[in-house]
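Structure first, then comments.
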Amino acid sequence: QVTLRESGPALVKPTQTLTLTCTFSGFSLSTSGMCVSWIRQPPGKALEWLARIDWDDDKYYSTSLKTRLKISKDTSKNQVVLTMTDMDPVDTATYYCARIGGSSGWYSWFDPWGQGTLVTVSS
Amino acid sequence: QSALTQPASVSGSPGQSITISCTGTSSDVGSYNLVSWYQQHPGKAPKVMIYEVSKRPSGVSDRFSGSKSGNTASLTISGLQAEDEADYYCCSYAGSVYVFGTGTKVTVL
């Protein structure tokens, strides 16, 4: 059974850097074809894709946020870490991690998702 | 990359069928058969209902079906049930990035 769980601070101040950890089980990010993404959802608003990291350490970022994001993995700990710099109140959201499903080399759907962690940006 | 466009709300009576549209561009929906749909109940994480336009994951009811024509994908829920009341989001691969839809609230009357 594949499970993912997000952890990190519930509250950060404006201009600070946010660090979130996704701890997963049921698969290994050293296995070919495995990928993990981060996705966020501001309260009452739509989902927004943030970043993806692959088994071979390829990384992909949202075009609008790529200057502020960094994704990394620790295969030995079954963890994926997302850092987001220069946090602003508009970054207040529930942050989810999810495994990416794929076939024939195309990785396109998110399943399963973690429960999410709410991050509030406020002074 | 702009969000895919979905109707804000769709409603139907139990037993009816409803369809949710998801309109993108030739850079996302129109270029790839890599559209997925997610169901989200209040306070819960999203759950995949359809992937690669029309494929259903194991355990998802066959009342859910997906299709695509040009730059628009669609999710149809047939035999609407009370438990289908939720928010629904489409998502498209767009060449190393992913774009989600604006979301649709489905209400069962």
**Report entry** side-chain contact (heavy atoms from CB on, under 4.5 Å) evaluation trace for F24(A) with V80(A)
**Finding:** CA-CA 8 Å; F24(A) 55 87; V80(A) 171; 3.9 Å; yes

Query - Working for side-chain contact (heavy atoms from CB on, under 4.5 Å), residues V35(B) and C91(B) - result: CA-CA 6 Å; V35(B) 176; C91(B) 180; over 6 Å; no

Query raised in the report: Under the side-chain contact (heavy atoms from CB on, under 4.5 Å) criterion, do T19(B) and L75(B) qualify, and how do the steps go?
Result: CA-CA 6 Å; T19(B) 296; L75(B) 174 72; over 6 Å; no

Got a list of the donor-acceptor pairs under 3.5 angstrom between chain B and chain A?
from, atom 1, to, atom 2, distance (Å)
Y38(B), OH, F110(A), N, 2.8
Q40(B), OE1, Q41(A), NE2, 2.9
Q40(B), NE2, Q41(A), OE1, 2.8
Q40(B), NE2, Y96(A), OH, 3.3
E52(B), OE1, S103(A), OG, 3.3
E52(B), OE2, S103(A), OG, 2.4
Y89(B), OH, Q41(A), NE2, 3.2
Y89(B), OH, K45(A), O, 3.4
Y98(B), OH, R52(A), NH1, 2.8
Y98(B), OH, Y107(A), O, 2.5

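Residue with the most contacts toward chain A among G101(B), P46(B), P42(B): P46(B) (heavy-atom pairs, distance under 4.5 Å).
Remark: side-chain polar atoms of S61(B) are paired, donor with acceptor, to backbone N or O of R63(B) under 3.5 angstrom. Under a 3.5 Å cut-off, the side chain of Q16(B) and the backbone N or O of S13(B) do form a donor-acceptor pair.
If you take CD1 on I71(A) and SG on C97(A), they are separated by 9.5 Å, rounding to the nearest 0.5 Å.
In this structure, no portion of L50(A) lies under 4.5 Å from any heavy atom of chain B. Residue L4(A): no heavy atom, backbone or side chain, is found under 4.5 Å from chain B.
Inter-residue side-chain proximity for V48(B) and F110(A) is flagged as unmet; no heavy-atom pair is nearer than 4.5 Å.
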